[in-house]
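Beneath this line is the structure, given in structure tokens, with notes to follow.
Ligands are counted one by one from 1 in listed order, and the atoms in each one are counted from 1 as well. FYI, side chains are in, hydrogens and waters are out, and symmetry mates aren't considered; it's all heavy atoms of this structure.
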Amino acid sequence: MVRIAVLVSGGGTNLQALIDAQARGELKNGAIAAVISSKPGAYALERAAAAGIPGYVVARKDFSSNREMTLALVDKLRELDIGLVVLAGFMHILTGEMVAAYPNAILNVHPALIPSFCGAGYYGLHVHEAALAYGVKVTGATVHFVNEEPDGGPIVLQKAVEIREGDTPEALQRRVMEQAEWRILPRAVSLFCEGRLWVEGRTVHIKED
Ligand code: GAR
């Protein structure tokens, strides 16, 4: 069984999608062992508690840099014997020490079709504002492995979502979550835990069932 840690910073709807998938038996060979929040009081911690999952806080504000926070997180993950790290609405850029500790074992969900609308500064609602400002007709979500480059690691799964006339960033964010993020994140986590993903260069191969 792969022990999974979910790193969060806010509301945690993607965490909830993982908890619900686990309850339906859809995280095969994986178990959510910990939820770690960068913000004390994040609603995601309440979701964890309601599901009986241990919650921890490694608060960004307690550290002088992303690197210091990253080192504390790596210590915590090792202590908890974590095999897969999932960034689910985690709003900070982790430094190289995390990637070195968990090579091709960190998944991130991003609310756009990478390589569009990604990288430093593209997070949360900003991503959807940028997609609408550009005038694209299709956006979506991506689950990818984390490497040293923000949003730059090998892509595991993507799902497209159509832009509608009159969309606001908030409406689009909600639809991308419902139609894409909440579906592909649990799927990617399960594929990892089942040992069905392997990485060759930038390409992630998926072993058939
Ligand atoms: C989600 O849309 C997630 O993809 C995005 O923030 C939201 C968090 O929602 N993450 C990023 O932008 C990271 N670059 P949630 O807390 O309800 O899961």
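With respect to Glu178 and Arg175, no salt bridge is recorded, no charged nitrogen being found less than 4.0 Å from a carboxylate O.
Distance alone, capped at 3.5 Å, places no donor-acceptor pair between the Lys207 side chain and the Gly195 backbone. Looking at Arg3, its side chain does come within 3.5 Å of a backbone N or O of Leu80 through a donor-acceptor pair.
Classification of the Tyr122-Phe117 ring pair by plane angle, with boundaries at 30° and 60°, yields tilted.
Ligand 1 lies under 4.0 Å from heavy atoms of Gly11, Gly12, Thr13, Asn14, Gly89, Met91, Val109, His110, Pro111, Tyr122, Tyr123, Gly124, Met177, Glu181.
Put simply, Ile106 and Leu191 are part of two different groups of oily side chains (I, L, V, M, F, W, Y) that touch within less than 4.5 Å, one to the next.
A 4.5 Å side-chain heavy-atom check between Leu77 and Ile36 finds at least one atom pair inside the cut-off.
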